[in-house]
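Read through the structure below, which is laid out as structure tokens, and then see the notes.
Each ligand, and each atom within it, is numbered from 1 in the order the structure gives. Treat the numbers as computed from the prediction; the structure is a model and nothing was measured.
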Amino acid sequence: MPSNEQRPLAVLERKVLAKNDQVAAQNRQFFRENDVVALNLMSAPGSGKTRLLEATLGRLGDRTPLAVLEGDVETANDAERVARTGVPVVQLVTSGACHLEASLVREGLDRLPVPRGGLLFIENVGNLVCPASFDLGETHRIVCVSVTEGDDKPEKYPAMFRKALAMVLTKMDLLPHVDFEVDKAVAQARALNPGVQVFLTSAVTGEGLDAWCDFLLGLNRTGDDAGP
Ligand code: MG
């Protein structure tokens, strides 16, 4: 009786998501009360999220309070890289899970100085599927795509792009060497999410980073237009 065997699993999944949503709501309330814009950075592995973050933090400097939560399946490698920028950072290790959960973010917040009136970057685990299902309580979602990936990523992974405030194309310095059509990727993202902001960036040359940082500094801190 396969259908009966599957039913308890479905119920369990709903419970896990409901519990996550509860903690996510608490996180969202915390961010609002403390005037923090929390950004959930998502992408496939190797798209350059951490490199973008390093370049972004360096540019933002002391223009606004900053803090970072680094999500990875294992290691503190990325937190160590971010720590060199001088910005407070905590590594969140999921020990095998393919996405961050709201409760892990909550634990990380307890160990970070609160960037009141500023920005909290939450770098999610590299994965274009699982993180889309787990609300962290973030103010906004940001999705990164590197030009070394396929330009049909939005079409293949629509859930990730539908709720993103912005799509950041990374590694634009490599564009001459790869078969990636920027217009195609942007058109697919906008078909799913007409209001998505698009940034074409390279952490190597600095392309697009000033516009990206200006956008971050101008974000609406109430987050009323965000959330899943
Ligand atoms: Mg990383």
Exceeds 12 heavy-atom contacts within 6.0 angstrom, atom NZ of Lys156: no
Heavy-atom pair of closest approach, residues Gly126 and Pro45: O-CG, 3.3 Å
Protein-derived N, O or S atoms lying under 2.8 Å from the Mg ion (ligand 1), waters excluded: 3
Ala79 backbone acceptor or donor facing Gln91 side chain under 3.5 Å: yes
Cationic N near anionic O, under 4.0 Å, Asp151 to Lys184: yes
Check against salt bridge (charged side-chain N to carboxylate O under 4.0 Å, His left out), Arg28 and Asp135: CA-CA 10 Å; Arg28 187 165 282 114; Asp135 183 13; 2.9 Å; yes
Phe161 six-ring centre to Arg190 NZ/CZ under 6.0 Å and within 45° of normal: no
